[in-house]
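Read the structure below first, then the notes.
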Amino acid sequence: MKTKLGIHWFRQDLRLSQNPSLEALSNKVDQIVPIYILDPKERMGSVSKWWLEQSLKNLNDNIERKNGKLKIFEGNPFDIIKSLFINKNIEYFYWNRLYDPYSITRDKKIKSLLKLEDINCVTFNGYLLNEPWEIKNKSGSFFKVFTPYWRYCNEITRSRKHNKKIQNIKFYNLNFKNSKNIQDLNLTNKKLKWTDKINKHWLPGENNAQLQLQKFINQKADNYSIGRDRPDKNLTSKLSPYLHFGEISPIEIYNQIRVTKTINSENKDKFLAEIGWRDFSYNLLYHYPDMTKQPIQNKFNKFPWLNDNKNLKKWQKGFTGIPIVDAGMRQLYETGWMHNRVRMIVGSFLTKNLLLHWKLGEQWFFDTLVDADIGSNSAGWQWISGCGADASPYFRIFNPILQGQKFDPKGKYVKKYIPELQNVTNKFIHNPWEMSEESQISCGCRIGKDYPNPIVDLKETRNRALSAFKTIS
DNA sequence: AGGTGATTGCC
DNA sequence: GCAATCACC
């Protein structure tokens, strides 16, 4: 009897557990041929490439434990997929959907190709809690504000039935002459020392994603509601990169958190809402496919952004003279990640105080974050810069001194990433330029020499931003 | 998912 | 003198 074969195309679903496409395919075929295609046209940042390489290795290890091998390709997915069926006995081709405009267009074409070739092609949602096109408000439109969006989505996600699937995936090692090894993809630049540093901070892969979730549930979730805002404490889940690469399913996270009795409802609700923000971002991106490049409020096309490459560079490398901003930017560059509270602060500083275009921030974050994700990243930048769907401009000009004092009261976070400020007293840790000359000398930090003066005046630039907003409203 | 400046309320 | 509160940005 002929063995029935099907291909599962791995994309941002680099996991074997709770993978709807894999589960459905297992019920249709005897053995699954797992493939991954590196699509050079897909936007991917430097740090993401590093993560991807690690994650593919981990996935392949898990597949090899089940006697298969992840087949890797590089190039235009349409052409590669077309070539896979030549002289091969493959009847099924399944994948989990992606929701960014590039993937949607690309995958549509591939789906019609497979139809022509008479291959059974079915796709699944393994990436979001809900399909963006299914979520509508009472007037039949999509939501533009998070709170009502989440009230609705949380309810339907909660009341949905979740069947625990029993895994019995059988892989098959099928040979293709155009397949490659992971290292042939050249995802990491060996000359670049940058990713060596990231290495120390992260363990990519499905197995580690599960450990990370358990660690969050057991050690952090109890203090999440208040603790999540404190960059000086390690109380966030750090699941974002795993979610981006699909090393863990958002539905699984949602359900596990929901059923854990030891987490009180306030902490649960706050955390689930963060998972909700991720879906909300894709809800926006689905309905505003130009969102990565164009402001959602088009009056922002007239906004008087400044052109100042020097200030941009100082922001990127963490030399603005504002401690909480610099600490955040240095954390990002060093670890590939930044605490969310600080992301908002540095975003507000770039777009409001420096008056630099939010796209510049979007690009830098996309290149340097381990969790760089088209949806969350562009939605976040539009939100903080005030051109997003629900933004009101003056509402989000953060005062980085107050933010620092409130969320990093002892300057522990600032000192961790800015050694120059090591011996500055609590009183001045977020505004060191206000120290007397004697204090500067006695704490070994002369402002303007050991650590820069603020590159802009906070009060002045706040007012400048407000008048800039007036010119377009 | 804020900030500012003015006013009020309290010592 | 100062913290809490509010209206407005």
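Protein chains get the first letters and strands the later ones, always in sequence-line order, with residue 1 at the start of each.
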Residue set satisfying salt bridge (Lys or Arg N to Asp or Glu O under 4.0 Å) with A:R160, at least two apart, ordered chain then number -> none
Using a heavy-atom cut-off of under 4.0 Å over every strand shown, decide if A:K406 touches base, sugar-phosphate, or nothing.
nothing
Qualifying residues under salt bridge (Lys or Arg N to Asp or Glu O under 4.0 Å), relative to A:R341, sequence neighbours excluded:
A:D229
Under a 4.0 Å heavy-atom cutoff, the residues of residues 346-360 of chain A touching DNA chain B are none
Could you list the residues that satisfy ring-ring contact (aromatic ring centres under 6.0 Å, His included) with A:Y282, not counting sequence neighbours?
A:Y127
Residues in ring-ring contact (aromatic ring centres under 6.0 Å, His included) contact with A:F349, at least two apart in sequence or another chain:
none
Holding to side chain to side chain contact (heavy atoms under 4.5 Å, CB included), I want the full list of residues that pass it with A:I226, two or more places apart in sequence or in another chain.
none
Sorted by chain and residue number, the side chain to side chain contact (heavy atoms under 4.5 Å, CB included) partners of A:N223 (sequence neighbours excluded) come out as A:L235
Aromatic contact between A:W381 and A:W358, with the criterion being ring centroids under 6.0 Å apart: yes or no?
no
Using a 4.0 Å heavy-atom cut-off, does A:L402 contact any base of the nucleic acid, only the sugar-phosphate backbone, or nothing at all?
sugar-phosphate
Just to verify, what does A:T147 make a side chain to side chain contact (heavy atoms under 4.5 Å, CB included) with, not counting sequence neighbours?
A:R151
Holding to side chain to side chain contact (heavy atoms under 4.5 Å, CB included), I want the full list of residues that pass it with A:Y286, two or more places apart in sequence or in another chain.
A:I104, A:P132, A:W133
Short N/O separations, protein against nucleotides 3-9 of chain C, under 3.5 angstrom:
none

Is A:N340 touching bases, backbone alone, or none of the nucleic acid, heavy atoms closer than 4.0 Å?
base
On DNA chain B, which is the earliest and which the latest nucleotide, 5' to 3', with an atom closer than 4.0 Å to a heavy atom of chain A?
B:dA1 to B:dG5
Contacts of A:E420 meeting salt bridge (Lys or Arg N to Asp or Glu O under 4.0 Å) (sequence neighbours excluded), chain-then-number -> A:R330
